[in-house]
Amino acid sequence: MSAESTPEAESTPEPGKPRRRATGRRRKPRSGRRKALLVTAWSAAGVFVLGGTGLGYVYFNLNDNIKSVDINQALGTDRPLDIDNGSQDILVLGSDTRSGSNKKLGGGTDDGSARSDTAMIVHVYEGHKKAGVVSIPRDTLVPRPECTDGEGVTHDASSLAMFNSAYSTGGAACAVKTVESMTGIRMDHYVEVDFSGFQKLIDELGGVDVTTTKDITDKESHLDLEAGTHRLTGEQSLGLVRTRHGVGDGSDLGRIQLQQAFIKALVEQVKDVGVLTSPKKLYDLADTATSTVTTDSDLASVKDLASFANGLKGISSSKMNMVTMPVQYDPADGNRVLVEKDKAELVWDALKNDRPVPKSATRDTATGDAKGVVS
């Protein structure tokens with residue numbers, strides 16, 4: 001495994017040695033490994049809402065499908081204040097484990113570990129009519145707090161670690177703790193999905209319609225699309241949200257731009273499904289959705305998930321403001337990004353106060369070159 005893909009890779013130089021400076025500000029392309037996207041929270045929401053009448057009783061048979069993590073117990077009182085202002089904040093992660101059916105989809109080596117390849121903070125505003133989504137680049141160098149993993153082992157804090165190392169170090173609870181430490185915002189919920197779950201859910205939904213303005217070819221993510229309109233299968237959708245070499249500057253920031261465009265298309269696809277008339281189709285969707293997600297313990301039943309999803313059903317893609325956490329390329333390492341602290345504070349303050357993220361927060365920050373490629 002290369003240093004840049006090692007989960008515990010740090011950017012702290014050895015004592016007495018200066019940090020090596022990169023030759024350019026853009027990040028170098030690298031192998032397309034461990035790429036996944038947890039937009040299925042929205043898909044699952046649509047599925048559960050569809051089953052709100054007539055077939056609701058069926059879902060109680062699906063409770064055993066749902067995997068959960070007790071974030072509250074793991075973190076205790078070491079968390080930001082829980083402010084009840086009618087809004088909700090959800091940490092949405094994509095898991096990249098190489099075990100089981102994910103090995104074939106993701107490639108690479110099954111080393112028994114997993115990382116959070118994609119991370120988003122979804123802020124649902126009071127009234128649940130609109131949402132703000134903040135993508136966190138996986139390679140952002142951030143302070144990682146002390147974490148205790150699922151085996152009870154405590155891991156020391158790190159002053160500068162890759163963001164996605166939090167998950168591999170201490171699992172879901174450490175990822176939540178790191179986000180809360182960065183933002184000062186308490187996460188109300190946690191939702192996670194992996195490669196195979198994402199692909200299956202897209203297939204169960206019948207695919208997702210997107211339009212590409214350029215040809216996209218990436219052998220790493222097994223994607224080959226000509227410019228034009230496509231109904232993507234689950235495999236193609238996974239390829240699109242994983243690709244970084246097929247379009248733009250080959251950076252993770254460009255891939256985030258593709259992911260954000262795909263999410264909007266997916267939200268519209270779920271909204272347009274309508275009330276299904278086939279009980280079998282409805283059950284298959286619910287079975288796949290409940291098998292796909294790992295949630296916090298407060299969402300660990302179909303009843304709770306359905307209630308949560310019902311609160312999201314009024315949010316269309318036009319009511320979703322999607323931004324990337326303000327960052328700049330690390331001048332010492334073109335494969336890493338650093339938080340623009342002052343501008344990031346504008347983002348977190350807006351969410352804390354249930355206000356829209358100001359445009360000034362992301363102005364002149366680092367972005368990829370894939371904006372507008374998917375519409």
Side-chain angles (χ1 to χ4, degrees), residues 1-20 33-34 36 68-82 89 91-99 108-121 134 136-187 190 192 252 294 296-297 325-333 335-341 344-345 348:
M1 181 180 292
S2 65
E4 66 187 43
S5 62
T6 302
E8 293 288 36
E10 310 284 347
S11 186
T12 305
E14 295 180 19
K17 291 186 179 181
R19 300 176 71 198
R20 178 180 59 83
R33 303 176 61 194
R34 295 185 292 277
S68 66
V69 180
D70 194 338
I71 301 294
N72 291 328
Q73 182 180 26
L75 299 186
T77 59
D78 187 16
R79 307 184 68 181
L81 183 65
D82 187 3
D89 294 284
L91 178 60
V92 180
L93 290 188
S95 168
D96 67 349
T97 177
R98 314 317 263 198
S99 62
T109 302
D110 177 10
D111 59 3
S113 65
R115 282 150 286 271
S116 57
D117 192 67
T118 301
M120 300 177 183
I121 299 171
V134 183
I136 303 176
R138 63 177 296 248
D139 297 334
T140 311
L141 294 171
V142 300
R144 189 186 66 221
E146 179 184 279
C147 291
T148 301
D149 62 28
E151 302 298 323
V153 178
T154 299
H155 299 268
D156 292 338
S158 173
S159 61
L160 209 58
M162 271 174 55
F163 172 77
N164 77 336
S165 73
Y167 184 91
S168 58
T169 298
C174 190
V176 171
K177 188 174 183 179
T178 300
V179 168
E180 292 184 344
S181 176
M182 289 168 48
T183 66
I185 302 171
R186 186 185 180 106
M187 296 295 108
Y190 171 83
E192 175 190 333
D252 187 46
T294 298
D296 64 275
S297 55
M325 182 177 70
V327 295
Q328 294 292 352
Y329 291 104
D330 182 2
D333 185 346
N335 291 311
R336 302 285 180 262
V337 293
L338 302 173
V339 180
E340 284 255 42
K341 294 183 179 179
E345 280 303 313
W348 312 140

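Because the structure is predicted, anything quoted here is derived from the model rather than measured. By convention here, the first residue in the shown sequence is residue 1.
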Checklist entry - Minimum heavy-atom separation for D139 to R336, with atom names? => result O-CD, 3.6 Å
Item to check | Taking every non-hydrogen atom, the tightest pair across T178 and R144 | outcome: OG1-CG, 3.7 Å
Item to check | Validation row: M162, L141 side chains within 4.5 angstrom (heavy atoms) | outcome: yes
Checklist entry - Do the side chains of D252 and R138 get nearer than 4.5 Å, heavy atoms only? => result yes
Next on the checklist: Check whether D296 reaches the backbone of Y190 with its side chain - one donor and one acceptor, N or O, closer than 3.5 Å.
Outcome noted: yes
Next on the checklist: To the nearest 0.5 Å, what is the distance between NZ on K177 and CG on L75?
Outcome noted: 6.5 Å
Checklist entry - How far does CG of L91 sit from CD1 of I121, to the nearest 0.5 angstrom? => result 6.5 Å
Checklist entry - To the nearest 0.5 Å, how far apart are CD1 in I71 and CD in E180? => result 8.5 Å
Checklist outcome for this item: To the nearest 0.5 Å, atom OG1 of T183 lies from atom CD1 of I136 at 7.5 Å
Checklist entry - If every non-hydrogen atom of V337 is compared with every non-hydrogen atom of P137, which pair is closest and at what distance? => result CG2-CB, 4.1 Å
Checklist entry - Shortest non-hydrogen contact from V134 to M325? => result CG1-N, 3.8 Å
Checklist entry - Roughly how far, to the nearest 0.5 Å, is OG1 of T140 from CD of Q328? => result 11.5 Å
Checklist outcome for this item: Heavy-atom nearest pair, A161 first then S165, reads CB-OG, 3.7 Å
Next on the checklist: Let me confirm one number: the CD-OG distance from Q73 to S297, rounded to the nearest 0.5 Å.
Outcome noted: 8.5 Å
Checklist entry - So, for L81 and R186, which heavy atoms are closest and what is the spacing to 0.1 Å? => result O-CB, 4.0 Å
